[in-house]
Each structure stands twice: as C-alpha cells, then as structure tokens.
Amino acid sequence: MSDKSGNAKKPTWVIDKERARRAAAAETVWLFGLHAVRDALANPVRQKLRLVVTQNALARLGDLHGMQPEITDPRIFDKAVGLAAESVHQGAALEVKPLKWGSLSEVALREAPGETRPLLVALDRVTDPHNVGAILRSAEVFGARAVIAPHRHSAPETGALAKTASGALERQPYLRVPNLAEALTQLKNMGFILVGLDGTGTESLPDLMSDLSGRAVCLVMGAEGPGMRELTIKTCDHVARIPFAADFGSLNVSNAAAVALYAAGRA
C-alpha cells in the first residue's frame, strides 16, 4: 500500500505503536514531599525537569544538586503544579521523567547489595500506589533485586507511590513488563523458583523457603480480593501461605510482601 507520492504507507498498527512510543517518551511525573523530592534530586540517573517549592520547603530541602528552584506561594502551590488538593506535598514538587531500569534479564540477574539469595517480587494486578510504594520499601530493606509488575493493571510511577516508598523508588528497581506470565516464564528459564503467595496454598512459606535454601526465588502475589490470576497461579512452581495464629482473615499485600521477604531472606 502506498500514498499519492508513491511512498509505502505504514500500517495502522505501526502508526499506533509509534504514537504510543512518542507519548511514553514525553511522559513526566510530579514527585512531591520533602523526602521523595530530596532523594530524587540526589539520584544522578533521574532526569529532572522542574523544581517547584515554597520558601519554607526550600530552606528544608538542603542540596538542590544544581537544580534552579521555582519559588511559589503556598496558597497556590497545588494549582501551580497541578497536584490534587489532598496531596501531602510539604511545599516541594519535582517534575521528572520515569526511571529506566533496563531489561528484565538485566534487572533480574543484577546482584543486590547484601543479598543472601537472588530474590525478586512480582505483583499481579496490584494497582494501589500506596501498596506498591510500601512493597518497594520492603524490597529495598530485605535486599530484593527488583519488583516486577505488568504494564497494564498495575500502579504506575506517581507522586503518591514515590512518597509512600520514602525514597526507595530512586534505588529499588520497579520494572513494568508487557506481559507478566511471559516475564515469569523468562525468570524460570533464568533459574528462579516462582513461589505464589495465596491463602489457599498447601505449603507453609517458612518451611518452603527452608527447603529452597540458597535458591533464586521470585515471590509472586496479587492484590487483596481478586488475588493472582489463574494463569499466574499456573505459572508458579509452588503456591504457599503465610501461617497465621488464628483464623481472622489475611494480611494486606504490602504487609504480606514484607513478611514473605523477611522469611525468604532468612532461609
């Protein structure tokens, strides 16, 4: 197929893909809160575009690492940067480009500082940015190499996520992949044992981690309510549960991730 000039006309799917790539390249994120902004400013690989602060926040931020601040009145701060009124910004906001962590293999095979075993976390349909931010904090604390999630139906990199992560977003790889099941299969081929976390699991997580001592593990978990999708569960090598002292329900996903990471790191 060609246009009037005789040049080959691109298929619609190619044009759509190119538009999506350009839109992704133009995407920016507003990080807010003193801690999140301070850590992003200190991150040499973070592409930083605008720093908007109140005079009070500027005095508390410390080193701006070469950024020229735009000082604004606290009464109009939300409108100046387009933040939701409920955002706890503390008078500091930084416009940035999302971080690029590399390919799945690069991230999964990169040794984490102080790790006791190769450890990853995969999230299936965890869309709450506060949960993902808390999981990133736990992943950093317990030495996981990365947190992996599908590009669709997951929490994107946002100011709320960064604030909950309390700086971990700048240091802990958060990799969103096109297809989670395919990514999990790739991890299997890299030697990772896939351990799904679910209340219906027949194996106890601490016992399983002891049996897998020293092995590379990817902990897979879903959001509260829907949990992991059927294909995700089928892809896992084991489905384990966190033993509870009584039948009173279950942990939320960020708490479950912290417990599971601790158990995996000690085994």
Side-chain angles (χ1 to χ4, degrees), residues 99 101-126 131-150 154 165-177 179-223 227-228 231-244 250-267:
L99 287 165
W101 291 106
S103 68
L104 177 64
S105 60
E106 287 171 331
V107 171
L109 299 177
R110 186 183 301 144
E111 187 174 344
E115 68 180 10
T116 56
R117 72 157 94 205
L119 188 57
L120 298 170
V121 177
L123 304 178
D124 189 9
R125 297 188 297 181
V126 180
N131 275 333
V132 176
I135 290 168
L136 285 169
R137 284 186 77 178
S138 295
E140 181 183 28
V141 167
F142 295 112
R145 293 184 177 183
V147 175
I148 299 162
S154 67
S166 193
L169 181 62
E170 303 302 319
R171 300 176 295 271
Q172 178 64 42
Y174 178 45
L175 187 64
R176 296 169 71 210
V177 296
N179 185 295
L180 184 61
E182 289 180 5
L184 293 175
T185 300
Q186 290 178 49
L187 292 176
K188 275 188 176 186
N189 293 334
M190 295 178 209
F192 282 85
I193 306 297
L194 306 184
V195 178
L197 269 292
D198 191 87
T200 63
T202 56
E203 300 179 84
S204 166
L205 181 66
D207 294 342
L208 177 60
M209 288 299 99
S210 294
D211 293 341
L212 298 175
S213 181
R215 299 288 300 276
V217 166
C218 177
L219 299 167
V220 188
M221 52 195 71
M228 293 180 287
L231 179 58
T232 304
I233 294 174
K234 286 181 178 178
T235 309
C236 289
D237 299 298
H238 303 270
V239 178
R241 70 189 189 320
I242 296 172
F244 298 121
S250 61
L251 295 170
N252 105 338
V253 65
S254 61
N255 290 331
V259 172
L261 283 161
Y262 176 74
R266 283 183 58 86

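Please read all numbers here as calculations on a predicted model, not as lab measurements.
In this structure, Leu219 and Leu261 approach most closely via the heavy-atom pair CD1-N, 3.9 Å. Closest of all the heavy-atom pairs between Ala263 and Leu205 is CB-CD2, 4.2 Å. The two residues Leu251 and Ile242 come nearest to each other via the heavy atoms CD1-CD1, 4.4 Å. Considering every non-hydrogen atom in both Leu231 and Ala181, the closest pair reads CD2-CB, 3.6 Å. Shortest non-hydrogen contact noted between Ala257 and Met221 is CB-SD, 3.6 Å. Taking each heavy atom of Ala183 and Leu104 in turn, the nearest pair found is O-CD2, 3.6 Å.
Rounding to the nearest 0.5 Å places CZ of Arg137 at 13.0 Å from CD1 of Ile135. In this structure, CD1 in Ile148 is found 5.5 Å from SG in Cys218, a value given to the nearest 0.5 Å. In this structure, Ser213 OG and Arg266 CZ are separated by 12.0 Å, a value rounded to the nearest 0.5 Å. In this structure, the separation between CG on Leu184 and CG on Asn179 is 9.0 Å, given to the nearest 0.5 Å. Taken to the nearest 0.5 Å, the OG atom of Ser254 stands 11.0 Å off from the CG atom of Leu136. Taken to the nearest 0.5 Å, the CG atom of Leu99 stands 11.5 Å off from the CG atom of Leu175.
Surrounding CZ of Arg215 are at most 12 heavy atoms belonging to other residues, nucleotides or ligands under 6.0 Å away. Within a 6.0 Å radius of CZ in Arg171, other residues, nucleotides and ligands contribute more than 12 heavy atoms.
Here the side chains of Pro150 and Arg176 are not in contact, with every heavy-atom distance at 4.5 Å or above. Looking at heavy atoms from C-beta onward, Met190 lies in side-chain contact with Ser105 at the 4.5 angstrom threshold.
Remark: side-chain polar atoms of Glu140 are not paired, donor with acceptor, to backbone N or O of Gly167 under 3.5 angstrom. Between the Arg145 side chain and the Ala108 main chain, a donor and an acceptor come within less than 3.5 Å of each other. Judged by distance alone, the side chain of Arg117 and the main-chain N or O of Ala264 form a donor-acceptor pair under 3.5 Å. Looking at Lys188, its side chain never comes within 3.5 Å of a backbone N or O of Asp237 through a donor-acceptor pair.
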*asked:* Could you walk me through whether Val177 and Glu182 satisfy the side chain to side chain contact (heavy atoms under 4.5 Å, CB included) test, starting with their C-alpha distance in whole Å, then the side-chain angles of each, then the deciding distance to 0.1 Å, before giving a yes or no?
replied: CA-CA 9 Å; Val177 296; Glu182 289 180 5; over 6 Å; no
*From CA spacing to verdict: side chain to side chain contact (heavy atoms under 4.5 Å, CB included), Leu212, Val195*: CA-CA 10 Å; Leu212 298 175; Val195 178; 4.1 Å; yes
*asked:* Using side chain to side chain contact (heavy atoms under 4.5 Å, CB included), reason through Asp211 and Glu203 one step at a time and then give a plain yes or no.
replied: CA-CA 11 Å; Asp211 293 341; Glu203 300 179 84; 5.6 Å; no
_Would Ser154 and Arg125 count as a side chain to side chain contact (heavy atoms under 4.5 Å, CB included) here? Give the steps._
CA-CA 5 Å; Ser154 67; Arg125 297 188 297 181; over 6 Å; no
